[in-house]
Amino acid sequence: MDKTHTTNNMIPLVEDYYFSADENQYILYRCGKRNKIDIKTKKATGEIIDFTEAVGFYTTLSSMLKGCVRECNRRKVQNGKISNLKDCIKHIDNIYYKIESLTKGF
C-alpha cells in the first residue's frame with residue numbers, strides 16, 4: 001500500500017481502504033489517486049492527486065470491518081468490475097479472507 005496515505009494513524013485494511021479511530025468511533029477511509037478538478041470550471045485539470053475520503057463512521061471494530069467489505073464490494077459492482085452474482089460472492093469471500101489473514105484468526 002502507498003505509504004503517503006498511512007499518515008494520521010491510518011491503518012491499512014484491504015485494497016485502498018484504511019481506518020483510524022478517535023475517542024468515539026472507528027473511521028473507514030478510501031485513499032487513492034484521481035484527477036484534480038478545477039474549482040472554477042469543475043473540469044479535470046489532467047493533474048493526478050492523492051485523495052482521502054471518509055467512507056463511514058462506526059461504533060465497533062466489527063461493524064467497521066463489515067462496512068469495509070460492503071463498501072468495497074458495492075464500489076466494484078457500481079464501477080462494472082463485477083457483473084454477476086457469482087463474482088460478487090467470490091469477491092466478498094476474498095475480502096473476508098484478506099481480513100482474516102490480517103487478524104490471524106483473532
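All figures in this text were calculated on a predicted structure; none of them were measured in a lab.
Under a hydrophobic-cluster definition in which Ile, Leu, Val, Met, Phe, Trp and Tyr are linked whenever side-chain heavy atoms come within less than 4.5 Å, directly or via other members, Val77 and Tyr96 are assigned to different clusters. Cluster membership check: Ile92 does not share its hydrophobic cluster with Ile82, using side-chain heavy-atom separations under 4.5 Å among Ile, Leu, Val, Met, Phe, Trp and Tyr. In the hydrophobic cluster analysis, where Ile, Leu, Val, Met, Phe, Trp and Tyr join through side-chain heavy atoms closer than 4.5 angstrom, Val14 is grouped together with Tyr58. Leu61 and Tyr97 fall into different hydrophobic clusters, defined by Ile, Leu, Val, Met, Phe, Trp and Tyr side-chain heavy atoms under 4.5 Å apart, directly or through other members.
For Phe57, the side chain to side chain contact (heavy atoms under 4.5 Å, CB included) partners at least two apart in sequence or on another chain are Gln25, Ile27, Ala54. With sequence neighbours excluded, no residue forms a side chain to side chain donor-acceptor pair (under 3.5 Å) with Thr59. Under the side chain to side chain contact (heavy atoms under 4.5 Å, CB included) criterion, Ser83 pairs with no residue, sequence neighbours left out. Take Lys36 and apply the salt bridge (charged side-chain N to carboxylate O under 4.0 Å, His left out) test, not counting sequence neighbours, and it matches Glu47. Residues meeting the side chain to side chain contact (heavy atoms under 4.5 Å, CB included) test with Gln78, sequence neighbours left out: Arg74. Partners of Ser62 according to the side chain to side chain donor-acceptor pair (under 3.5 Å) rule, which considers only residues two or more places apart in sequence or in another chain, do not exist here. Every residue two or more places apart in sequence or in another chain that forms a side chain to side chain contact (heavy atoms under 4.5 Å, CB included) with Arg75 is listed here: Tyr17, Arg30, Glu53, Glu71, Asn79. A search for side chain to side chain donor-acceptor pair (under 3.5 Å) contacts involving Ser63 returns Thr60, not counting sequence neighbours.
In the hydrophobic clustering, where aliphatic and aromatic side chains (Ile, Leu, Val, Met, Phe, Trp, Tyr) are joined below 4.5 Å either directly or transitively, Ile49 stands alone. Cluster partners of Ile48 are absent, since no Ile, Leu, Val, Met, Phe, Trp or Tyr has side-chain heavy atoms less than 4.5 Å from it. Membership of an apolar cluster is not assigned to Ile37, as no side-chain contact below 4.5 Å to another ILVMFWY residue is traced.
Contact annotation: the side chain of Leu65 approaches that of Leu13 to within less than 4.5 Å [non-hydrogen atoms, C-beta and beyond].
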Identify all side-chain donor-acceptor contacts of residues 84-91 below 3.5 Å with residues at least two apart in sequence or on another chain.
unit_1 : atom_1 : unit_2 : atom_2 : d
Asn84  : OD1    : Lys86  : N      : 3.2
Asn84  : OD1    : Asp87  : N      : 2.8
Asn84  : ND2    : Asp87  : OD2    : 3.2
His91  : ND1    : Asn73  : OD1    : 2.9
His91  : NE2    : Glu15  : OE2    : 3.1

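The two residues Tyr26 and Ala21 make their nearest non-hydrogen contact at CD2-CB, 3.9 Å.
Expressed to the nearest 0.5 Å, how far OH of Tyr18 lies from OG1 of Thr52 amounts to 8.5 Å. Within the model, atoms SG of Cys72 and NZ of Lys98 stand 7.5 Å from one another, a figure rounded to the nearest 0.5 Å.
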